[in-house]
Amino acid sequence: MTAEPPPTVVDVLIPVAVDTAYSYRVPKGLALAPGDFVVVPLGTRQTLGVVWEARSAGGDNLKQVVSREDWPPVREPLRRFVDWLAAWTLSPRGMVLRMAVRAPEFAGAEPVRIGLRRAGPPPTRMTPARLRVMTVLDSAEAEAVTSKKALAEAANCSAGVIDGLVDEGTLETVALPPDPLPPPPDPDATAVVLDPAQAEAAAALAARAAERRFTVSLLEGVTGSGKTETYFEAVASALRSGRQTLILLPEIALTAQFLDRFAERFGVRPAEWHSGVSVRRRARAWSGIASGEIKVVAGARSSLFLPFADLGLIVVDEEHEAAYKQDDGVSYHARDMAVMRGRFEEAAVVLASATPSLETRVNAETGRYGHLRLASRYAGRSMPALAAVDMRRDAPPRGRWISPPLAAAIADTVADGKQALLFLNRRGYAPLTLCRSCGHRFTCGQCSAWMVDHRFRGALVCHLCGYMERKPDHCPHCGEVDALVACGPGVERIAEEVATLFPDARRLVLSSDMPGGTERLRQELDGIARGEVDVVVGTQLVAKGHNFPNLTLAAIVDADVGLANGDPRAAERTFQLLQQVTGRAGRGEAPGRALIQTYQPDHPVMRALLTGDVERFYRTEIDARQRAGLPPFGRLAGLIVSATDRHAAETHARALARAAYAATGGDPLARAADAAPSIEVFGPAEAPIAMIRGRYRFRLLVKAPRSADLQGFLRRILAEGPKPTGSLRVAVDVEPQSFL
DNA sequence: CGCTTCAAAGCC
DNA sequence: GCTTTGAAGCGT
């Protein structure tokens with residue numbers, strides 16, 4: 001048996017928008033294997049890349065690899081995942097690799113932390129601030145080494161005082177070793193108490209997590225059934241077999257509350273991975289995950305690309321959440337990609353939700369996924385009592401939106417020292433402003449949608465394209481002063497109504513456009529959980545996987561919003577959202593109730609919510625999907641055209657639609673249900689335009705009965721259709737479906 | 001004829 | 001994605 005000759009040529013995938021791996025010559029004395037991080041020349045610059053393939057032949061006229069980075073290599077399952085994901089989303093492999101290597105790029109730059117310790121006699125000139133610093137240092141342990149910032153904080157002085165002491169020679173700086181990693185989560189840290197239904201599901205999941213085999217399970221449990229505690233037992237099982245776990249959460253659900261719950265069960269918090277984590281901590285986490293020392297990561301969708309050494313379990317919490325869809329750059333659905341990552345890693349995947357998506361339900365029903373159910377609430381707690389308020393009969397006074405029955409319910413709740421949640425999926429004060437004198441409607445100059453009154457900010461904002469202007473005091477059309485009227489409610493207006501009705505109640509408005517970003521939002525959510533608010537008025541983000549133990553009333557201000565917006569998922573989304581919101585009530589000791597204000601109490605979505613006949617709702621929706629050939633039975637993809645110029649985006653989208661119809665032999669710009677034999681294209685007329693991060697997006701939906709048809713078709717129109725120019729970009733977003 | 005601007009074409 | 005390149009636009 002002869003030893004394998006060392007590779008002389010390597011194909012290196014580079015994290016830029018290129019699909020092919022480039023070949024480089026390996027310099028003598030450098031041993032390279034697939035997965036190794038390398039620095040290679042690219043054009044005039046040098047860049048980081050990953051060895052994708054290694055060969056031992058030819059390559060004389062190639063450029064040479066510059067060096068090898070001493071980082072843990074990208075393991076084969078992750079490399080295959082990158083390849084697969086790129087093929088599935090029709091994006092360049094380099095762009096997918098980019099998502100996996102963004103963190104280690106910072107790793108090399110991790111700054112050394114500076115600590116301080118006593119080094120000499122007290123300063124000649126002692127001041128109160130200096131004395132405080134000395135006291136802090138003396139009271140600390142023998143090796144009193146802290147960071148400068150921490151020391152300054154402890155001594156209640158500025159960092160300048162400490163610098164002064166260093167100059168005097170009283171203190172000296174030392175390079176701190178990196179903080180030792182916290183101990184691994186302990187599967188036996190606490191005695192676990194589960195009710196029989198939970199215990200049964202937990203045992204099944206734990207068994208799968210111990211199997212070292214790819215499986216997918218749907219954990220479907222009503223709100224408050226203790227899904228989290230149940231899947232924690234799968235985590236414990238993975239820990240016992242020494243394998244790692246990834247818990248995927250929608251970004252917003254990654255709160256202190258979740259981490260604390262984890263810590264209660266396992267003794268320590270899991271490693272965190274989301275946009276709010278600092279570069280240094282991310283670099284630390286990255287290497288800990290790659291080395292296998294970090295056992296459990298709780299992360300947002302970007303954590304799908306982490307370099308796990310031995311991933312045994314992936315939990316996707318709130319699997320139905322639309323937030324799992326990544327829509328810029330590479331478009332992917334994190335839940336589905338989690339399933340595929342699990343497949344490549346031979347890991348168990350658990351999808352958890354109270355209101356699973358239709359495609360996951362179907363996958364469970366057909367036996368492709370395992371199906372575990374928790375039908376009732378944990379610890380004998382009951383589901384909230386549900387009631388509809390028929391707005392045709394119990395109408396609120398003119399210009400008000402809180403009906404008398406709802407107002408009474410809020411009054412009872414607050415009087416009882418409990419919390420009430422008013423849900424309305426509409427940001428701002430009022431969705432429409434018009435002039436009482438001439439009837440002029442304020443519309444967006446850029447995209448003709450209604451301008452939404454944001455009274456807190458004193459502005460009119462277009463929710464479609466983001467255009468914003470100061471709110472004028474006179475009508476721009478007829479010049480009349482003080483004639484502008486706000487029509488309809490937004491959360492701000494509901495909050496105003498609450499203030500009028502209950503002046504003494506502590507109120508909080510939560511909506512995604514709130515200043516302060518996700519960090520502030522997390523704090524507010526934690527604040528509500530601590531009972532610092534009486535009445536919360538919020539948009540959909542209050543629906544998301546948060547536990548408010550003191551909340552006993554959940555009310556839907558207008559349940560009909562979103563039912564008639566043309567989205568093929570409108571009914572499913574509305575049902576999921578409202579079910580999640582009503583499920584917020586009564587999670588603690590006290591029983592909860594939910595009120596649904598609607599003008600259509602007989603609508604199937606309301607019926608399902610009110611009667612709790614979820615099965616019938618799913619049945620109806622799944623049948624409708626099957627008839628329409630939509631996912632999970634047919635395939636749907638979006639061609640997303642985006643540009644900084646609206647006209648360019650629209651024109652290009654139309655041209656692409658034309659190319660698509662031509663390719664199907666169909667009739668351009670008509671809904672091609674009958675014209676196209678196998679591919680159906682919904683043209684731009686059906687596609688909403690939106691502005692995200694300064695770019696107009698136009699979406700062209702393409703429908704096909706089979707995945708292969710769709711992939712080939714998209715490839716063809718992308719190759720043969722009009723080429724995007726300038727700032728125009730085209731991305732492909734494949735809707736979730738069964739792909740296993 | 002030079003200088004700026006902007007989109008297109010490679011990158012091994 | 002980034003860098004180079006080359007053609008078009010504009011002014012002297």
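Chain letters run A, B, ... following the sequence lines, proteins first, then strands; residues in each count from 1.
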Note to self: Please identify the 5'-most and 3'-most nucleotides of DNA chain B with any atom under 4.0 angstrom from a heavy atom of chain A.
What the structure shows: B:dA7 to B:dC12
Next item on the list: State which residues pass salt bridge (Lys or Arg N to Asp or Glu O under 4.0 Å) with A:R301; sequence neighbours excluded, sorted by chain then number.
Entry: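 Scan of A:R301 (salt bridge (Lys or Arg N to Asp or Glu O under 4.0 Å), adjacent residues dropped) gives none.
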Notebook entry, point to check: Under the salt bridge (Lys or Arg N to Asp or Glu O under 4.0 Å) test, which residues partner A:R281, sequence neighbours left out?
Noted result: none
With [X], which residues qualify under side-chain hydrogen bond (donor to acceptor under 3.5 Å, both in side chains), at least two apart?
| X | answer |
| --- | --- |
| A:E319 | A:R335, A:S357, A:T360 |
| A:R79 | none |
| A:D310 | A:R212, A:R243 |

Checklist line | Partner residues of A:Y332 under the ring-ring contact (aromatic ring centres under 6.0 Å, His included) criterion, sequence neighbours left out | finding: A:F305
For residues 27-44 of chain A, run the donor-acceptor check on the side chains, cut-off 3.5 Å, and write out each pair with its distance to 0.1 Å, sequence neighbours left out.
unit_1, atom_1, unit_2, atom_2, d
A:D36, OD2, A:A33, N, 2.8

Notebook entry, point to check: So which of A:V339, A:V350, A:V316 actually passes side chain to side chain contact (heavy atoms under 4.5 Å, CB included) with A:V216?
Noted result: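 Result: among A:V339, A:V350, A:V316, A:V339 is the only option passing the side chain to side chain contact (heavy atoms under 4.5 Å, CB included) with A:V216.
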Check: Touch check for A:S23, heavy atoms < 4.0 angstrom, all strands: base, sugar-phosphate only, or nothing?
Finding: base
Notebook entry, point to check: How is A:R25 classified with respect to the nucleic acid when contacts are heavy atoms under 4.0 Å: base, sugar-phosphate, or nothing?
Noted result: nothing
Check: When you list every nucleotide of DNA chain C with an atom under 4.0 Å from a heavy atom of chain A, which one comes first 5' to 3', and which comes last?
Finding: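 Listing 5' to 3', DNA chain C meets chain A from C:dG1 to C:dT4.
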